[in-house]
Q: 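Have a look at this one.
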Amino acid sequence: SPAYSNENTPAEPSSEPGIVGELKRTLDGAETVDAVVALMRDSDTQRALGALTPDWKEEVRGYAKARLVALGWTPKRAA
């Protein structure tokens, strides 16, 4: 195994904070675009996101966006 520190390598999925997995599972269960939006705006979700590192925060936001797209949401294009 490498002797150098792996601080700068991407985190292994196994080191994912519990709340990240929990949010992803909740997002997976969201049946509508509105449900995903409501979940992401929820005060508990916001508190959980606030406690995460920026990388994990982006991970959850990206996951939520992918879920929105899967549910048929399309980003609004700037006019």
Q: Compare all side-chain heavy atoms of W73 with those of K65 and state whether any distance is below 4.5 angstrom.
A: yes

Q: How would you list, by chain and number, every residue that makes a side chain to side chain donor-acceptor pair (under 3.5 Å) with K24, sequence neighbours excluded?
A: E16, E59

Q: Please name all residues satisfying side-chain contact (heavy atoms from CB on, under 4.5 Å) with T74, sequence neighbours left out, ordered by chain then number.
A: none

Q: Nearest heavy-atom pair of W56 and P17: which atoms, and what distance?
A: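 Closest approach of W56 to P17, heavy atoms only: CE2-CD, 3.3 Å.
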
Q: May I have all residue pairs that pass side-chain hydrogen bond (donor to acceptor under 3.5 Å, both in side chains) and include part of residues 35-46, sequence neighbours excluded?
A: D44-R47

Q: Suppose we screen for salt bridge (Lys or Arg N to Asp or Glu O under 4.0 Å). Which residues come up paired with E58, at least two apart in sequence or across chains?
A: R61

Q: What side-chain donor-acceptor pairs closer than 3.5 Å can you find for residues 27-39, not counting sequence neighbours?
A:
{"from": "D28", "atom 1": "OD1", "to": "Y63", "atom 2": "OH", "distance (Å)": "2.8"}
{"from": "D28", "atom 1": "OD2", "to": "Y63", "atom 2": "OH", "distance (Å)": "3.1"}
{"from": "T32", "atom 1": "OG1", "to": "A35", "atom 2": "N", "distance (Å)": "3.0"}

